[in-house]
Amino acid sequence: MIAEEILPWYDKHARELPWRLSPRQKRANPNVLYADPYRVWLSEIMLQQTTVATVKGYYEKFLASWPTVNDLAKEDLDNVLSAWAGLGYYARARNLHKCAKVVADELGGVFPDTEEGLLKLPGVGPYTAAAIAAIAYDRPATVVDGNVERVIARYYALEDPLPGVKPQMKECAQQQTPYERAGDYAQAMMDLGATICTPRSPGCVICPIQTACLARKSGIAESLPKKAPKKEKPTRRTYAYLFLSDERGALLRRRPEKGLLGGMTEVPTGDWVKQGDAVRNPELDHLAQWTELEGVVKHTFTHFHFEITVLTSKISQNLDGIAEAVQGAWAHKTEFSGLALPTVMKKILRHADYI
DNA sequence: AATACGTGGAC
DNA sequence: TGTCCAAGTAT
């Protein structure tokens, strides 16, 4: 069994993380057995497809701004999106806020303490439900994230490729899940995957579960888990129209509620063409006199490359009429920190030397 | 089942 | 520079 080897290792080597009650802390505070479910939930949502290093700062900021789920539930969505700006996968922030409202308004501010109950919450899928159940409530839930998949694939030498092999991985992981210390075990597995059983150059020689690891025995650890080949990313192109006023700043607007960068703030752009050169937008063109900046802003999203040619125009008249025409609002650069500006939009503003 | 959905760091 | 990858979820 993995647990017998990995729990003693975790007791010695657990990383100190802002959202984690370390084994040492647990011993020091025997009355506080498990972590605050709100903090576990907040950290787990942030950690979805996002590195620990990136999450730390955001987590501290959120916890300072909204110490409880009730505080978060009362906040305006736009302020949550602003605090989330730069972290990516913005549906997480929209679901985070929606979930906080559900917990505050319908569940008395208390998170469900079962996988089944947690799974019903917006933004909480199989991984996160299991993680909260295990870490916050010490329930013997089987936590399977990318780390656990890698550890299990190697431990059992599962050579079939992802994602097809996932059910088999889940089954193997389930076999290993202990009834005692399930929260520590889950975190130990993830720590092991993050620090020793890494994608490249795994540290098999110092691994606490090396003895029974079949992939290590066969010398194929680094090649597992196998993955289906990736598809090539297409390149989309557009023009960004940066209206600038000496008095009132830049003209920005809110993106549609759903989809890419949903609800976030943007510089107005033309269509994002899926093939060929960017196309000018006649309706935006005729609102001002445009200067095309040198170079192109490049940004890569999950499933496409993006190239933006930036146009700027100095506006001194009819500021409100233009704002109305683009369904936007003027914002001083001093106010940008309070806006929900995603990284790609900051790149555009930076390219125009405006931030 | 397959695709949409961000970003920054490592190599 | 390009590719891979990170504590996945929703549809």
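Keep in mind that the numbers below use all heavy atoms, side chains included, and drop hydrogens, waters and symmetry copies. Predicted, not measured: the structure shown is a model, and the values here were computed from it.
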Considering only the P atoms, how many Å lie between B/dG8 and C/dT9, rounded to the nearest integer?
22 Å
Treating primed atoms plus P, OP1 and OP2 as sugar-phosphate and everything else as base, which nucleotides of nucleotides 5-11 of chain C get B, S or - for protein heavy atoms under 4.0 Å?
SBBBSS-
Quick note, ring pair (Phe, Tyr, Trp, His ring centres under 6.0 Å) partners involving residues 111-147 of chain A, not counting sequence neighbours, are A/W41-A/F111
Under a plain distance cut-off of 3.5 Å, with no hydrogens placed, do A/S82 and A/N79 share a side-chain donor-acceptor pair?
no
To the nearest 0.5 Å, tell me how far A/K101 NZ sits from A/L72 CG.
9.5 Å
Using the P atom in both, what is the distance from B/dA10 to C/dA7, to the nearest Å?
15 Å
Mind checking which nucleotides bracket the chain A contacts on DNA chain B, 5' to 3', with an atom under 4.0 Å from a heavy atom?
B/dT3 to B/dG8
Atom pair OH/CG of A/Y89 and A/L260 - distance to nearest 0.5 Å
11.0 Å
When you look at CD of A/E222, are more than 12 heavy atoms from neighbouring residues, nucleotides or ligands closer to it than 6.0 Å?
yes
Side-chain touch A/T343/A/K347, heavy atoms, less than 4.5 angstrom:
yes
Which residue pairs pass the ring pair (Phe, Tyr, Trp, His ring centres under 6.0 Å) test with at least one member in residues 249-281 of chain A, sequence neighbours excluded?
A/W272-A/F306
Determine which pairs satisfy ring pair (Phe, Tyr, Trp, His ring centres under 6.0 Å) with at least one residue from residues 143-186 of chain A, sequence neighbours left out, and list them in order.
none
Working to the nearest 0.5 angstrom, can you tell me the gap between A/L118 CG and A/E44 CD?
11.0 Å
Counting only heavy atoms not in A/K298 (residues, nucleotides, ligands), do more than 12 fall under 6.0 Å from its NZ?
no
Residues from residues 260-270 of chain A lying under 4.0 Å of DNA chain C - heavy atoms
none
